Number of protein chains: 4
Amino acid sequence: VLHTKRTDALDGVIGGTEETTTGVMRLRAMAREGVLRYPIVAVNDADTKHLFDNRYGTGQSTIDGIIRATNFLLAGSKFVVAGYGWCGRGLASRARGAGAEVLITEVDPTKALEAVMDGFRVMSMNEAATIGDVFCTVTGNKNVLGKEHFEGMKNGAIICNSGHFNVEIDIPALEKMASSKRTTRSFVEEYSMKDGRKINLLGEGRLINLVSAEGHPPSVMDMSFADQALSVEYMVKNHQSLERTVYRVPADLDKRVARLKLESMGIKIDRLTPEQEEYLAGWSEGT
Amino acid sequence: VLHTKRTDALDGVIGGTEETTTGVMRLRAMAREGVLRYPIVAVNDADTKHLFDNRYGTGQSTIDGIIRATNFLLAGSKFVVAGYGWCGRGLASRARGAGAEVLITEVDPTKALEAVMDGFRVMSMNEAATIGDVFCTVTGNKNVLGKEHFEGMKNGAIICNSGHFNVEIDIPALEKMASSKRTTRSFVEEYSMKDGRKINLLGEGRLINLVSAEGHPPSVMDMSFADQALSVEYMVKNHQSLERTVYRVPADLDKRVARLKLESMGIKIDRLTPEQEEYLAGWSEGT
Amino acid sequence: VLHTKRTDALDGVIGGTEETTTGVMRLRAMAREGVLRYPIVAVNDADTKHLFDNRYGTGQSTIDGIIRATNFLLAGSKFVVAGYGWCGRGLASRARGAGAEVLITEVDPTKALEAVMDGFRVMSMNEAATIGDVFCTVTGNKNVLGKEHFEGMKNGAIICNSGHFNVEIDIPALEKMASSKRTTRSFVEEYSMKDGRKINLLGEGRLINLVSAEGHPPSVMDMSFADQALSVEYMVKNHQSLERTVYRVPADLDKRVARLKLESMGIKIDRLTPEQEEYLAGWSEGT
Amino acid sequence: VLHTKRTDALDGVIGGTEETTTGVMRLRAMAREGVLRYPIVAVNDADTKHLFDNRYGTGQSTIDGIIRATNFLLAGSKFVVAGYGWCGRGLASRARGAGAEVLITEVDPTKALEAVMDGFRVMSMNEAATIGDVFCTVTGNKNVLGKEHFEGMKNGAIICNSGHFNVEIDIPALEKMASSKRTTRSFVEEYSMKDGRKINLLGEGRLINLVSAEGHPPSVMDMSFADQALSVEYMVKNHQSLERTVYRVPADLDKRVARLKLESMGIKIDRLTPEQEEYLAGWSEGT
C-alpha cells in the first residue's frame, strides 16, 4: 500500500495519484470541502488496481502475515472477516481455500447478502466474537473490534487487522481490559484478561500483511504501478485542463494495463468481430 | 428472465421496468436514438438484481438444465464458459463446484484477467474448442460459437447457451456442416459432421435453464420481483418528473430489498455507529 | 445402485458380485454366520468403484435429484449431510460447490474430524436439526432423522435420503407427528406439524437420486460395470478355488480399470522408472 | 516430520514408533529382509496421523514455505504437484484455495483418476514441465524432476520439494545443465541455463516446509504426538508379546485420539443407538 508523497511547497505541482481506497475517500472529502490543492487521479479506483491488488494481493499476503506470525493451522478453524469489500472477499476466499470455516460481518446489506450467497456464515460481530478463532478486520473503519467483542471472545483468540490503519481494532480498550501482556512470538502480544482468558493481538493492530509478511506480491503490484506510471504520464500531458478534484483513471488506460498483463502471461483472448460490435450496439436484431 | 409487456397503445403509459442485461442495453440504445416512448427503470442494474439473479440464479439453473438434458458427469470434465460477466462467473463457479475443470473465454481483458486470477484457464475460443467437453455461452452476443469452433471440437462435444438468445450459437452454420441430425434425448440434438464427429446441441440453442430446467429458483427471483414492485411504485409516485430515458433503481430502494431479504433469512448484521459514520466521512483522523 | 440377481435354484451357481456398501456389509455378516451359499466378489470395495461411484456419482446425482424435486436455491442455504463416508463427502463437496453452507453429522470421530479440517461445520443432529434448510442422509443406517429432530426443524425444512434405504428417515414418526400432508410438487410431500410448521419429505424417503433424477451418470458407472464384468470373468476362471466367502476385487484388475478409464479420456500419466521402483522397494538409500 | 531416535546399543530396547510414510516403507522392507531389530508401531499409518498431518499439515506448511521463500502470487499461476497421495492432495487443495490452477502428475492410475475427478489437470511430467510456474514434488521417490523436465521449463520456473528427501529433484543434473547460479533471496538459488532460461530452486531441494517455514502447525502435530505417546504406552504394556515386525496403531487408540481432539475443539458428535448398532451388524432387515 503506497501513498503519494506529500510536499509543503506546492508551487508547480501538476497533480498526484492515490493508491488506496481510504486515501481516495479522504481526498474526495477534501475536494468536497474545497481544500484539495492539486488534481488527483484515483489509481485505486482503476479496475486493474482495485479488482486485483485489493482482492488477490490482500488475500494472499494477509493469510501469509497471519501464518508467519502464529504458525496457526487454518484448516478446521473459525476465521472471522470483518468487511466484505474487495479486500474482505479476497481474504475470505483465501481463508476458505486454506480450510477454515469463514464467518463474515458487514454493515452493508447488499454485501452481506452476497457473502451469504457465496456460502459464508454472516452475522453481527457480537455473535461472531464468541465463535471465532481468528479475527481480521478489513473495513477501512475504526473500532470494528472493541470492548464488547473482546468480552465475548474465546480463550486464545487471535485478532489482527489488514484494513486501513491500526484504528480498526480498539487497542486502548483492550489495554484497559487486560491485567498484563507479554510477547510470545515476534508480532504476537498475548493480553491476559482479568477473567483469565488470553487474547493474541498481532502486529500491534497494524496491517498484518506489511508487519509480518512482505505486502502484496510483485506480480499483482505490477498492475498498480503500471496504472500509476501511465496516470502520471496522463496528468503531464493533460494538466492544463485538470482541476483540483479527484479523477478516475481513463478507461482506455485501464484496459491497456489489463492487455499488457495478459500478454506478459502468454494468454490470448478473443476480440469482438465487427458483426458482434454492431449487434451489441444495436437494438433491432434479436429482441 | 422476464420482459416488460409491450403495448401498441401508449396513451397514459407511465413507464416500464426492464429485467435483463441485454434488454437494458437495447433500451439505452433506443433512448440514445430518441425512439424510447416512455421512462424505464433498469431493474436489471439494481445490485439486488444483477448481483444475485444473474450470478446465483443463472449459475445453478444452467447446470441444472445441462444435467437434466444430458445426465452428463461434470466431475472430471472440461467445461468451457464463454463470457465472464455476472452470469459467466456464476456458471463458472458452479461448474467448478461440480468438479469440472473450467475454461473461460472473454473479449474484455479486465474480465479475462479476473478469470485467470480466480484460477480458471483462459484462452481464445479457437483454442478452447479443441479441449472442451461441454460449452455454454453466456455473453449476450451473437455467433460466439461458430463454424471455425465446430470444426475443432472433439467427438461428443456438448454445446448450449444460457445467455441472451439462440443467436449465441451459430446454428445455421452447424446445420450446414452436418450430414444428418437426430434427437437422442429430450432437448438433445446430435449433429453428425461429415468427418464422423458428433456434436450435441441442447435445447436448440435457446436458454438451457428455461428449456430443460425451471429457470431461476424463486428464492433468488424474489429479490428481482421486489425490485420490480418497488420500482413500479416509485414510477407511479414520481412519474411527473420522469423523462423518456432509462433510470437506475434508486439506491435506497435497492438497499431496502437487501435488508428485507436478510431479515427473511433470519440474519442480523451490524450497523455503523455515529462515530464510525463520522470517521468514514472525514479525512482529518487516521490519515 | 445395482444388486446381483437372486435365485432360489443355486445348483451350478459359480458366484456373485455385489455393488453396494451396505450389500457387502450384509454379505459379510452372512459369511460370518455361515449362511452365504456361494462366493462373492465385493465390487463395491474396488477402488475404481467406491472411490468414484459413491463420491462423484452420488454427489452429483443427489444434488440433481433435490433440485429437480424442489427447484430450491442452494446458494446461501444451510445444507445438512448426515454421514461423512464416501457418499457423504461427495455430497458435501457438491453442496458446497453449489454455494451452500454445509453442516456434517457423524458417529465416527475420525471422519468427523476430517469434516472439520475440510472446513465444514460438524455437530450433533440435534443441533443441526434447528439450523438446516435441507437435510440429506447418506449413512447406511436407520432412523438417522427421527422424532426429536423433526421437533426442532425450521418451518419449510426439506428432508431426503440418498443413502441405503428409506429407513434412514423415520417416516412413521413423521406421519404420527403430522396433522395432515399434501403433495405440493412431484416427489414433494408437505407434512403439516401440529404446531403449524411444514416439513417437506422428498421421494418418500427413497434414494432421491433415483426417485427424481436418473441415478449416477454413465461416465461414472462405466467403471463399476467394468469391475463387474472383469470380476465375473475372474470368478469363471478361478471358481474351483473360491470358497463361500466375500472376496476383494483383485488389485491388478482394479488398476486395469483405472488405466482403461484414463485412456478413454485421453490422459497420459507417468510410469515408474526401474531406478524409482528399486528406490521405493529398498531402504538403504536416502534414509 | 520426526524420526525415532536411533541407538547402537539395542540391549533392553522395547520397540520404536515411526512417524513418516517413507520411514514405514523402509522399516517394512527391513522386516521383510529380517534385519529389523525391535518391534515398531507405524504411527504414520494411524488415521489420526496420516489423514491429518500429511494432508492438512503438509498442505498449509508447504504453501507457507514457498511463499516465504519467494513472495510469489499463487492466484493465476500454474502450480504443478507431483504425487497425489495424502501430502499431494493436501497441497493441491491449498494451492487451488490460493487461486492457482493446479496440475497433477502421478504414476498410480487410480490416484490419477481421482485427481481428474477432483477437477485437476492430470498429465505426464514431461507435458506439465512446459506449462508450470511452480513445481512441488511430494512423492517419496527420487528424480521426479530431472534433466528432461528442466529442459522444457519456462524461464523463471520455481521448483521445490516437500516430499521425502532432497533426492526428489535431480539436483546434480540441474547443476550440470547450468552455466552459473546465484542466491537471489534466502532459500532461492537461481540457476542460469546455457540457453538463457532461469530456474529457481528453493531450499536446495530439502523439505521446503521445514527449510523456509516452521513445519506443521502444532494444532495438527498434537494428534501425531498423542499417537506417539499412546503407542509407546501400548508397547510398554504389551512388549512381551510383540515381535520384530511393524505393527499398526491399535484402532481403539486411534479413535480415542480423534475423540480427544474433537473434545478439545468443543465439538460434539452423535453416537450410534443400540438399535442402529444392531442394524449395521445384521443383514435380515432392510435388504
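Labels below follow one simple rule: chain letters A, B, ... track the order of the sequence lines, proteins then strands, and each chain is numbered from 1. Quick caveat: nothing in here was measured; it's all calculated off a predicted structure.
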Enquirer: Measure distances from C:Leu73 to the heavy atoms of chain A and classify the residue's part below 4.5 Å as side chain, backbone, both or neither.
Expert: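 Answer is side chain: those atoms of C:Leu73 sit under 4.5 Å from chain A.
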Enquirer: If I measure from the heavy atoms of chain A, does C:Arg121 come under 4.5 Å with its side chain, its backbone, both, or neither?
Expert: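 The answer is both parts of C:Arg121.
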Enquirer: For C:Arg206, I'd like to know if atom CZ has over 12 heavy atoms of other residues, nucleotides or ligands within 6.0 Å.
Expert: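 No, CZ of C:Arg206 has 12 or fewer neighbouring heavy atoms, counting only those of other groups under 6.0 Å.
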Enquirer: Less than 4.5 Å to any heavy atom of chain A: does that hold for the side chain of C:Phe79, its backbone, both, or neither?
Expert: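 Neither part, no heavy atoms under 4.5 Å.
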Enquirer: Rounded to the nearest 0.5 Å, how far apart are CD of C:Glu101 and CG of A:Leu103?
Expert: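 Atom-to-atom, C:Glu101:CD and A:Leu103:CG are 8.0 Å apart.
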Enquirer: When rounded to the nearest 0.5 angstrom, what distance separates CG in C:Leu74 from CE in A:Met117?
Expert: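 It is 11.0 Å, given to the nearest 0.5 Å.
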